[in-house]
Amino acid sequence: MTRSYDPHVIEPKWQNAWERDGLYSVAEDPTRPKYYLLEMFPYPSGDIHMGHVRNYTIGDVVARQLTMAGHQVLHPIGWDAFGLPAENAAIKSNTHPAEWTYANIEKQKASFKRMGFSYDWDRTVITCDEGYYRWGQWIFLKFWERGLVERKSSPVNWCPSCKTVLANEQVLGGGECWRCKSIVEKRELEQWYFKITEYADELLDDLTTLTGWPERVKAMQANWIGRSEGAEVDFTLCDAAGEPAESTITVFTTRPDTLFGCTFFLLAPEHPLVRELVEGTEYAAPVMEVVDAAAKETSVERALGEREKRGAFTGRYVINPVNNEKVPVWVADYVLMEYGTGAVMAVPCGDQRDFEFARKYGLPIPPVVLPEDDPALEALREARGRVIDNVTWECAYSGPGIMVQSGAFTGMPTGAGGPGVAAVTRWLEDRGKGRFAINYRLRDWLISRQRYWGNPIPAIHCPSCGLVPVPECELPVRLPRDVDITKGETLADHPTFYETVCPTCGGPARRETDTMDTFTCSSWYYLRYCDARNSEAIWDVDKAAYWMPVDQYIGGIEHAILHLLYSRFFTKVFRDMGLISFAEPFTNLLTQGMVRKDGDVMSKSKGNVVAPEDMIAEFGADALRAYILFMSPPDKDLEWSREGLEGMYRWLSRVWRLVSEISAECAGGPMMAAAEGGAEKALNREMHRVIGKVTEDISRFQLNTSIASMMELTNAAYDYRNKVAAGDRDAALMRTVAENLTLLLAPYVPHMAEELWSEVLGAKSSVHRQPWPTFDAQAAAAEEVEMAVQVNGKVRGRITVVADLDDAAVIDAALKQVAAHLEGKEVLKTVVVAGKLVSVVAR
RNA sequence: GCCCGGGUGGCGGAACAGGCAGACGCGCCGGUCUCAAAAACCGGUUCCUUCACGGGAGUGCGGGUUCGAUCCCCGCCCCGGGCACCA
C-alpha cells in the first residue's frame, strides 16, 4: 500500500534533516569548477511576498542543479538592513529600528527555510551588523584617500517627507522620491559625494563587455550616464557699453558646426552671472521676473516640454567667436543650470526650443544647415555672408545637410557627428576659442543622509583642521542604540555621539552626524559573502579571487540603474585598490519579471496580494516553487493563477504515485535498463531526450519548458504502463525512469524528490548529493523519423524513414507519397532537411 | 522626441540557429468508475468548411527575400518600460 503525497509531513522533515547534516555549507575547492550564484538580497520589510518566492526559487533551482552537476556552488543570502522603512515602522510601532529589523530578518529567514532554499547560512551578511558596517566605513576612508570623496555645496534633491537628501538616481521620472513618491524639492546644501563621474567613461564603455546582461538594462545605464560629445566654445562678454571685455563665458554644444546660426545667447535663471549683468539697469526688472518665476516652479513643472518658454533680454552682448558678431544675451527658463555650463548658444534654425523662443521674441532665424534637396540650397551655395536672415520654416531642422552662410565652411556636408562638427572644432582649437569636449548627464553620487538608521560617516569636523577622517584604528564609528526614534531624533540630537576631539590637533571637534545612503551597503555585499566572518580584513584577497566574479546574478529590474550602477562603480575602485583583479562584478544578469494578479502588480494598496505562507499551507513549498517556475519564463511577468497552482499539485501527485507504484512493482530489480521491445525503446529514448532537454533548459534559464518536458516524461511513463500489461513490463527500465525523473526533479521540488529518493526508492544518501543524470545522445536518437513532405510550401504528406537514410532514397519515398499532388507537374527542385522535411518544388 | 522590450488559440505560454505553428499546463467538452458527486483515469479541444475523407485560412498590419518566414529585411499600428526643454 503506497502513501499519498503529503508535502506537509515531508517538507519540514527534510528541512530539519538537511540543516542537521549541513548540506549547504560550502568552502573553496580548487579541484572543482566554482560557480557563484547570487540573488539580490532582500530588505527585511516584513513577510516575504511572491516576488521573493520567484526570485529565490529561480536561483535555488540553478544552484542545486549545478551542485549535482559537479560545481562548487556559492549560494549565499543576507539582508540589506539599514534604511528608512525601519525608522518609519519604529515611529509607528514605538519600537527601536534595530528590534524591528532583526525581528523581520528572523521571520524572513524562517520563510526562506520553509521554502527549502539551499543557502549557506554560515555566510549570512546583515548590513546593520557592526561587523559589516565597519567595513563600509573603511571603504569610505579608502575612497577618501583616493580622492573619490568630496564634500561640497550644491543644489540637491530634498524629500520633505523622508526629511533627507536623495541621490539623483533616487529621484524618479516625475521628480518623485523613489521610496515615498513625494515630490522632491531643490535645496542648496553642503553634502558628501562619491565621485562616480570619474568612472563615467569606463562605466559606459565596459557595458559592451557585459554580453550576459539584458539589452534593456545596458540601454538604461547608457542612457543614465548620458555621454555626449561636442565642443566647448568661449564667447567674449561685452561690457555695459557694448565693448568686448576680458571675461569669457563658455558653453557646451554638440553642434559647433551650427555656430554661424547663433543669433542669441542664453543663461539659466539660476546662473550666478544673471544678477551681476542686470543689476542697476533698466533690464533688471523684466529679467528678475523670469528668474523669480522659475524659482517658484518645481522641477516637474519646469520640465514640461510643451509649456511656453519665457525669457528676457539682459541688455548685454557676447561675441560669437566664428564671425565676431555681437549676440544679445537673454535669460531663458528652459536653460538648465545643472547641465553643461548653465549657458547655451542659441541656434534657432537648428534647435526646436531655440526656434520657438526666437519666434516668440522676434529674434532672427538665419539658416546654416540645409538638407541636400532643399531648393534654397543653390542660391546659398556660394554665399559667404548672410543673405537670408529669417527662414520661413514651421520648425527647426536638425538633420544632416550642407553648411550655408557659414563663412569658409560654406558648402561642407555636416550633421550630428559629421565632418562639419570636427572642422569647426579644429578651427576653434587652433585659435584658442574652443575645444573638443564630452559632457555627461551622470552626476556625482550624493551619499549623505540626514537619518539615524544608517552607517555613520566616519568624518570629523574640526574648527581648526577642517574635515578630518576618523583614523582607521578607531573604526567602527558605532551607531548608538539609545536614540529615541519615535521623537524623530537623529545623530545630530546626540551630543554624546557627536562631541569628540580632533584626531589631528586634539582640540574639541564635532563628529559628522549624517549616515550613508543604504546603497553604499549593497554595493559590495557580494564580495563580503566570499569571506563573511573575516574581522581582520574586508575580505581575503585569495577567497575573493576564487569565488568572484558573480557568475549569475538574479534580481528585479528596478535596480537597473541604482544598485547595479553603484556596484559596478565600487568594483572598479576595488580593482584600482588592488583588492580584486576584474572590472565587472556580475558576469550574467537575469532580471526576473514581476508577479501580477488581475493585471496589476501585487501590492497591499491594491489589495491583491497572495501570501506565500497561505499557499505553502495549502499546497506545500514544492508545488509553489514548481508552479512559479512553470507559469512563465523567468524574465517575463507572471500572472497569478490559483488553478495553475492546483494543476501543479496534481502533477506532483501524479509523479508521486508513478514513482511509488514503480518502486513497489520493481523492488530490487536490476538498475540497468534492458529496453528491448519497441515500447521500451521509445520510453528509454524519451527519458534520455528529457534528460538532455532539462539540462540544456536550466543552463539557459528556460525553467518553464524544463518542467514541461518532465511532464512529458511523466505522461510517457504512464502511457507505457497503460499500454503494456503488468507481466510484460520492463521492470528495470521503469525503475530507471523513476530514478532519473526523481533526480531531474530534485532541484525543483527538493523535498518531494528527497522523500521519493531516500524513502520510496530506498537510496542510502541524499538525492541532493547524487550526480546529475548524464545525457546519452545515442539513446536519445530515434531509429526512425517521421518527415513532412511539402509541395510548393504546403505539407501534403508524411513519410517514416530510418534515421540515417540517404537523401536520394528519402526524396524517392517522398515523391511517391505525394504523387497525387504532382500529377501533370514537373519537379523542379527538391530540398531535404535531415530528419525533418522534404520540400518539393513543382510546376 | 530618443532608446530598449513585446504583440502567437478562450487563458498562461512553446517552437535549438529560416524547416511540420500551437509542446506543456489551465479552462472547456465527452467518456470510464460511482446510487450520485468529488477525486482519479482515458479521449478531444486554433478558426472556417465538410456526415466524413478532405479542403481553406492563420503568429498585430502592408510589402520583400527564400523551395520554405512566428523567426531575416523595409514601411506602419498597438502595448509595456526607461530617459527627456540634456543644448
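Throughout, protein chains are lettered first and strands after them, A, B, ... in sequence-line order, and every chain is numbered starting at 1. When reading the values below, keep in mind they use all heavy atoms of this one structure, side chains included, and skip hydrogens, waters and symmetry mates.
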Hey, does [X] reach any base, or is it just sugar-phosphate, or nothing, if we go heavy atoms under 4.0 Å?
X: A/R796; value: sugar-phosphate
X: A/N439; value: nothing
X: A/G226; value: nothing

TODO: Tell me, please, which residues at least two apart from A/R729 pass salt bridge (charged side-chain N to carboxylate O under 4.0 Å, His left out).
DONE: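 Only A/E665 meet the salt bridge (charged side-chain N to carboxylate O under 4.0 Å, His left out) criterion with A/R729.
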- [ ] Mind running side-chain hydrogen bond (donor to acceptor under 3.5 Å, both in side chains) on A/W445 and A/E169 for me, showing each step along the way?
- [x] CA-CA 8 Å; A/W445 175 13; A/E169 288 79 10; 5.3 Å; no
Short heteroatom pairs, N/O only, protein and nucleotides 38-41 of chain B, under 3.5 Å:
| residue | atom | partner | partner atom | Å |
| --- | --- | --- | --- | --- |
| B/rA40 | O3' | A/R657 | NH2 | 3.2 |
| B/rC41 | OP1 | A/R654 | NH1 | 3.2 |
| B/rC41 | OP1 | A/R657 | NH2 | 2.9 |

Between protein and nucleotides 57-67 of chain B, what N or O pairs are separated by less than 3.5 Å?
| residue | atom | partner | partner atom | Å |
| --- | --- | --- | --- | --- |
| B/rA57 | OP2 | A/K794 | NZ | 3.1 |
| B/rC67 | O2 | A/S839 | OG | 2.7 |

Task: Residue-level proximity of residues 343-354 of chain A to RNA chain B when a heavy atom falls under 4.0 Å - done: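 Of all residues in residues 343-354 of chain A, the ones placing a heavy atom under 4.0 Å from RNA chain B are A/V344, A/R353.
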TODO: Could you give the distance separating B/rA21 and B/rG54 at their P atoms, to the nearest angstrom?
DONE: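 Between the two P atoms, the distance is 16 Å.
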Distances under 3.5 Å between protein N/O atoms and the N/O atoms of nucleotides 14-16 of chain B, please, pair by pair.
| residue | atom | partner | partner atom | Å |
| --- | --- | --- | --- | --- |
| B/rA14 | OP1 | A/N704 | ND2 | 3.0 |
| B/rC16 | O2' | A/R700 | NH2 | 3.4 |
| B/rC16 | N4 | A/K836 | NZ | 2.1 |

- [ ] Could you tell me whether B/rG9 is syn or anti, where syn means a glycosidic angle within 90 degrees of zero?
- [x]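 Syn for B/rG9; the angle stays within 90° of 0.
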Open item on the list: Could you write out RNA chain B as dot-bracket? Rules: Watson-Crick or G-U wobble, both distances under 3.5 Å, brackets [ ] for crossings, | for pairs with another strand, dot for unpaired.
Closed with: (((((((..(((......[....)))((((((.......))))))((((....))))..(((((..]....))))))))))))....
